[in-house]
Amino acid sequence: MNEEIGSGNPFQNIEKTTVLQETRIFNDCPVDSRKCTHILTKILYLLNQGEQLGTTEATETFFAITKLFQSQDVILRRMMYLGIKELSTIAEDVIIVTSSLTKDMTGKEDLYRAAAIRALCSITDVSMLQAIERYMKQAIVDRNSGVSSAALVSSLHLTKIAGDVVKRWVNEAQEAVNSDSVMVQYHALGVLYHIRKSDRLAVNKLVAKLTRMSLKSPYAVCMLIRIAYKLLEEEDSSGGASSYSTLFDFIESCLRHKSEMVIYEAAHAIVNLRRTTSVELAPAVSVLQLFCSSPKPTLRFAAVRTLNKVAMSHPAAVTACNLDLENLITDSNRSIATLAITTLLKTGAESSVDRLMKQIASFVSEISDEFKIVVVQAIRALCLKFPRKHSVLMNFLSAMLRDEGGLEYKASIADTIITIIEENPEAKETGLAHLCEFIEDCEHTSLAVRILHLLGKEGPRTKQPSRYIRFIYNRVILENAPVRAAAVAAMSQFGATCPDLLPNIQVLLARCQMDTDDEVRDRATYYYSILEKQDKSLANHYIVEGLQVSIPSLERALHQYTISPSDVPFDMKSVPLAAVPSAEEIVNPSGKGVQADGMLISTALSGSKVSAVAVTVSREESYAEKLRNVPELVALGPLFRSSDPVELTESETEYVVRCIKHSFPQHLVLQFDCLNTLNDQLLENVRVQVEPPDGYQLVREVPCPCLPYSETGTAYVALKFPEELGATIGTFNATLKFLVKDCDPATGLPDSDEGYDDEYMLEDVEVTLGDQIQKVTKTNFGAAWEEAGDSYCELEDTYSLSSVSTLEEAVKDIVNFLGMQPAERSDRVPEGKSSHTVFLAGVYRGGYDILVRAKLALAEGVTMQLTVRSTNPDVAELVTSAVG
Amino acid sequence: MEGLLLEPTLYTVKGMAILDNDGNRILAKYYDKNVFATAKEQKTFEKNLFNKTHRANAEIIMLDGLTCVYRSNVDLFFYVMGSSHENELILMSVLNCLYDAVSQILRKNVEKRVVFDNLDIVMLAMDEICDGGIIMEADSSAVVQRVALRTDDIPLGEQTVAQVLQSAKEQLKWSLLK
C-alpha cells in the first residue's frame, strides 16, 4: 500500500468509469484480496463522495462484488458486505445473493455472521423475509452480542417494510432484554417498544417490569426514561394519575445514576414534564447546576440549554444557578455563552441588563442565526419586563438589524421592535425611526411590506408625520411591485389622517398612477379619488379602517350572490364581521413559539403563526357552518355573534352541559352541548326547556334525538328577541329533559325499548348586552368619534363603580361587560395615573354602530362618565341603562 | 411543548462525518432521508459546519436544526450530528467512540494521510458504530475488534504503519491457514 502514500489524498483523481472497469478482476481466480480490497474501497469512496451510479452500472458492480464470496480474506469479505448494503438501494435483482448471505449468517465465523445479517436485511423484501424468519429469531437470541445486536437493529429497520412479521419476534426480543451485553439490551428495548407502542397497557407493563430490574446499559435507561416520560405526559393529558408517582419516582431516581448521560436525560425529562412543580424541579435543577461547572463543554452546553428552558416556565427555580451561569458568560464556546446570557436575562434584575447587553454585543457577530434568534427573543421578553430599559435594548436591536442575517432572523428582530412599539408608547418614535432606516436597505419583500403597513398605521399619529413620508416614497421609487403597492397604501393613510399633508400626498399619489404595475396603479387611483373628495367619513371608512368583515364569509356571500342573481344590490352588512382576535390569541403565537422550543426552529414559529391566524377566523365561522346544517335554524338569517361556551353544570356531574349563545339579527339561539357520562344509560330526545323572561318568544326547539355514553350531542332552542330592547337582557331558567333507556355498559345497547322520562336542573343562562354586540377594531377612534358627533345620537351618564378599587379592574370589567373592542390600546392603564379614558367600538345586532367613551377617575371607588354614540337611539339607551 | 422529547426511538444519529483541514469530505454518512437528502445539500452543510467549527475548538454547536458534536486532531475533523432534541451526551459518546476507534485503528496516528491508507478499515468502523441511525456499538475497543484488527497481540507503540500492516496481514494469513 506504500505506493499510494503521495501528497494529500490518494483517492483524489480516481474516476468512476475506470474504477468500474477495474471490478473485472473480482472475477479472477484465485482472488487477489489486496487489490480487490483496494478497488472496492475506491468504489465505496466514490459513492460516499456523492457520485451517482446508474441502475445498470450499479447492477453490474453489484454482481461483480458478489463474486468475492469465494474469498476468505476477512477484510475483503467485510468490505463486500458493505458494498452489498450500499448498492442494495440502486441495483436490481439484489435478492439473488440471499442464499449466500444466509449461509454466512448461519456459518461459524462470528465476524461474518453479524455483517451478513445486516447485509441480508438490506436486500430482502417481505416475501423473502418469511424464508429467513427462523434464522432471524435464532440470531436475536444468539450468544454473540454482535450477532444479536445486528439482528435486533435489522429487525427494527425491517419494521418499515414488514411490521407484522417483526411483531412475531417479540418473545425473542423479550429474552434479549435480559442480555448481559449493554448494546443488546438497548437494541432489544428499542425493538420491544416499537412493537408494543400502540398498546398503552403493554407499554405500561413493560416499563413497570424494566424499572424494577435495573437495566445495565445507560443507553437503555435513557430510552426507558423517554418511554416513561411519554407515558407521564399522556397520562397527564388524559387525566388519569394511576401510576404517575411510580413513573416519576423512577425518573427521579435516575438523577442519582452513575452515568452522566442518564442523569442528564432524567433531568431533561423532569424539566420538560408539563405539570412539574417547583419542588419536583429542584433536584433536577441542582444536578444541572453541577453540570454547569463541568470541564466538558458538551455537558455545560446541555445543562445551560436545559436551564434556559426552565427559566421560561419557572424563572425562580433557576435563580439559584445565577452564579454558575455568570461564570459561563465568558465561555469559549459561544453557544454556551449565549445560552447563559439569555437565561440570565430571563431571571436577572433590571440593574444587570446593561452589563449583559454589553457582553452579548461583544460576540453576537460570531454566533449562528439560530442563537441570534434566541438572543432576540430574550430581548423581547426583557423589554416587556423592564419597559424603562427600552432605549438600550432598542439601540442593540437596530445594530443587529444592520448586520448580515437571514429572513427569519431579521423578521424576529422586526417583530420584537414592533412589539416594543405597541407595548410601550415612549419607544414608538425611536422604534419607527429604526424601522424606517431598515427598510431603506431590506432585501426581504415580506418584511418591507409589513413595516410599511405599520408605518401607515402608526406614523400619522406621531408628532411629526411628515418625516416618514420621505422614507415611504423612496420605496415607491426603488422597490419591486408588492413593496410599491404597500408604500402607496401607507401614504394614503397619512393623506387621510393628516389634512396638512394631504396636498403633498395627492401629488405623490398622482405620480404613482403612472406606475408600470397594475396593482400599484389601481391602489394609487383608488386612494387618490377618495382623498380628492375631501370627505372625512368616506376617508375614514375606506382608507383608515379598511375591511371589517371576515374575508372567508365575504367570499362565500359574494359567491352566493352571484349564483342567485337578484335586483337588490349586495349588502355588506349581511356579511358577518371578522372576529377580533383576543389579546391572548395575539400574544400566544409568539409565546407558543418561545415555549415550544428555546432554539426556535423556523417551522415551529411560522406554523404557530398560521394556526393562530386560522383560529381568529374560525369561531363565528365554524359555528355558522354548524348552524347552517340545522335545517330548522336556516331561516334566521346570518349569524351575528356567538358567545364563549358557558358551563351549566359542574364538570364532574352525570350530564355535562355547556351553552353557547348565538345572536341573529332578530333571534337568539341557545346551543346546548350535552355530554352523557353514564355508561349504563342511553338518552333519547334530549332537549333543554327554558323559561324565557317576558318579551321573548319561543320559536322552536331542536332536540338531540339520541345521546349514547361519552358522546356529545347538541340541542338548540331558538327564541325571538323582544321588540323592546331593554327587555333583551335577562335570565333564563333551564332544565335538561330526556328519555332514559338503561343499557349494557359493555355494548351500549339498551336493555329494553322501554324508557322513562327524567329531567335535570341546569344553572341559569344569562343573556347580556355583550352577547348582542360584535367587536369592531377602530384604528383611528378619534376620527370615528368626531364623525359620529354629527350624525349619531348621543347619551351620557355618570356612574360610580363601588365594587372595584383600581382603574385596571374597572377597565377590564367594562370591556367584558359591554363586549366591545377597546380601540387604540386604550384598555391599558398607564401606571400611576388616577384617571383614564377607554374607547370602545362595536356593532349591535342589526348593524347599528356603537361607540363608547368611558372616562374613569379614581377616588374612593371608581367614577365613570360614560358617553355612548350610536346610530340607533334605542341602542344607546340600552347601553347606558344596562351599565347602571 | 409538543415534540420536545420526540417519540422514544433508537434512531438517534442523523449523520457522521470525517472532514479534512480544508473542510472537504473524507467520509460522511447521513441516516435520515429528511435531513440533507442530496449530496449537494450535504456538502453545503459540511462546508458551513466546518467554517463554524474549525477555528473554535468548542466541541458542540447547533447548526441547521441539528446538534453537532465535534473533535479535531491535526488535519482531521470528526463530527456526529443528531436532532436538536437529542441528548447531547449520547451524541458525544458516539463521537468519542468514533474518534477512539479511528485512533486505535491508526495506531494513534490520527492524520489524514494515514486515514487514507486505512480507508477500508475506517469505513468498516463507521459502519460498525452506527447502522442506519441506530447506535450499533459505542465502545471503541469492541468496534476495533469487530473490524478485524487483532489489536491485542501487537504492542502499541513505535511500530510504523507499514510494519503494523505487515504484521496484521501475517496474522490474518496465519489465522486463515489454521
Side-chain angles (χ1 to χ4, degrees), chain A residues 1-2 4-5 8-11 37 40-41 44-45 48-50 72-75 78-79 82 111 114 118 146 149-150 153 156-157 183 186-187 190 193 219 222-223 226-227 229-230 260-261 264-265 268-269 272 274 296-299 301-302 332-335 368 370-371 595-597 599 601, chain B residues 1-10 20 24-29 38-40 42-43 52 56-65 69 84 87-93 112-113 116-117 119-121 123-124 127 131-132 134-139 142 146-148 162 165 169 172 175-176:
Chain A
M1 281 197 189
N2 282 338
E4 290 146 17
I5 302 174
N9 181 354
F11 293 88
T37 310
L40 201 44
T41 311
L44 289 174
Y45 177 78
N48 198 281
Q49 291 296 319
Q72 288 305 313
D73 182 290
V74 185
I75 293 179
R78 296 292 308 276
M79 290 301 279
L82 205 54
L111 282 172
R118 291 164 61 195
S149 271
V153 169
L156 202 54
H157 293 320
M183 287 326 275
Y186 171 57
H187 295 141
Y193 175 72
Y219 296 99
C222 285
M223 177 84 181
R226 279 184 210 184
I227 301 173
Y229 168 83
K230 191 158 181 273
E260 280 169 344
M261 194 191 290
Y264 172 64
E265 186 74 44
H268 188 71
N272 282 310
R274 234 171 306 187
K296 295 181 197 157
T298 304
L299 208 51
F301 177 88
S332 61
N333 185 324
R334 291 309 183 205
S335 310
S368 62
E370 266 108 338
F371 278 105
Q595 275 209 333
D597 187 13
M599 297 301 121
I601 292 165
Chain B
M1 292 228 176
E2 280 76 25
L4 250 189
L5 285 189
L6 306 165
E7 176 71 20
T9 172
L10 295 187
D20 71 8
N24 294 318
R25 174 191 290 191
I26 294 175
L27 285 174
K29 281 294 260 176
T38 66
K40 196 165 163 254
Q42 293 173 5
K43 292 211 169 169
K52 296 266 181 204
N57 199 7
E59 206 175 275
I60 184 163
I61 189 175
M62 304 268 313
L63 194 68
D64 292 353
V69 289
S84 62
N87 184 332
E88 293 87 345
L89 302 182
I90 293 184
L91 296 178
M92 200 61 204
S93 74
K112 178 172 152 187
R113 194 176 47 81
F116 275 118
D117 291 345
L119 199 63
D120 45 357
I121 311 286
M123 277 178 181
L124 290 178
D127 181 59
D131 181 337
I134 301 177
I135 304 169
M136 274 292 285
E137 181 58 72
D139 174 15
R146 282 192 204 161
V147 295
L165 279 175
K169 247 179 259 165
L172 275 176
S175 74
L176 292 174

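First the proteins, then the strands, lettered A, B, ... as listed; each starts at 1. Keep in mind that the numbers below use all heavy atoms, side chains included, and drop hydrogens, waters and symmetry copies.
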Among B/Lys52, B/Met92, B/Met123, single out the residue with the greatest number of heavy-atom pairs under 4.5 Å to chain A.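 Of the options given, most contacts go to B/Met123.
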With a 4.5 Å cut-off on heavy-atom pairs, point out which of B/Asn24, B/Asp64, B/Asp20 contacts chain A the most. B/Asp64
Which atoms of A/Thr298 come close to chain B, meaning under 4.5 Å heavy atom to heavy atom: side chain ones, backbone ones, both, or neither?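 Both backbone and side chain.
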Using non-hydrogen atoms and a 4.5 Å limit, figure out which bit of A/Leu82 sits close to chain B: side chain, backbone, both or neither.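 Interface part for A/Leu82: side chain.
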Can you tell me how far [atom2] of [Y] sits from [atom1] of [X], rounded to the nearest 0.5 angstrom?
X: B/Leu10; Y: A/His187; atom1: CG; atom2: NE2; value: 6.0 Å
X: A/Met183; Y: B/Asp139; atom1: CE; atom2: CG; value: 9.5 Å
X: A/Tyr45; Y: B/Ile26; atom1: OH; atom2: CD1; value: 7.5 Å
X: B/Asp120; Y: A/Ile75; atom1: CG; atom2: CD1; value: 6.0 Å
X: A/Thr41; Y: B/Leu124; atom1: OG1; atom2: CG; value: 8.5 Å
X: B/Ile90; Y: A/Tyr219; atom1: CD1; atom2: OH; value: 7.0 Å

Partner residues of B/Asp131 under the salt bridge (charged side-chain N to carboxylate O under 4.0 Å, His left out) criterion, sequence neighbours left out: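 Residues passing salt bridge (charged side-chain N to carboxylate O under 4.0 Å, His left out) with B/Asp131: A/Arg118.
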Hits for salt bridge (charged side-chain N to carboxylate O under 4.0 Å, His left out) against B/Glu59, two or more places apart or cross-chain, chain-then-number order -> none
If you take all heavy atoms of [X] and [Y], which pair is closest and at what distance?
X: B/Leu89; Y: A/Glu260; result: CD1-O, 3.5 Å
X: B/Glu88; Y: A/Ala302; result: OE1-CB, 3.5 Å
X: B/Ile134; Y: A/Leu156; result: CD1-CD2, 3.6 Å
X: B/Pro8; Y: A/Lys230; result: CD-CD, 3.4 Å
X: A/Gly50; Y: B/Ala39; result: CA-CB, 3.8 Å

Using a cut-off of under 4.5 Å for heavy-atom pairs, which of [options] has the most such pairs with chain B?
options: A/Lys296, A/His157, A/Met79; answer: A/His157
options: A/Pro297, A/Ala114, A/Gly190; answer: A/Pro297
options: A/Ser332, A/Gly146, A/Ser149; answer: A/Gly146

Closer than 3.5 angstrom, by distance alone: can the side chain of [X] be matched with the main-chain N or O of [Y] as a donor-acceptor pair?
X: B/Lys43; Y: A/Gln49; answer: yes
X: B/Asn87; Y: A/Tyr264; answer: no
X: B/Arg25; Y: A/Asn48; answer: yes

At a heavy-atom separation under 4.5 Å, does B/Ala142 approach chain A through its side chain, its backbone, both, or neither?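 Interface part for B/Ala142: neither.
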Assess whether side-chain contact (heavy atoms from CB on, under 4.5 Å) is satisfied between B/Ser93 and A/Met261, documenting all intermediate values. CA-CA 9 Å; B/Ser93 74; A/Met261 194 191 290; 3.7 Å; yes
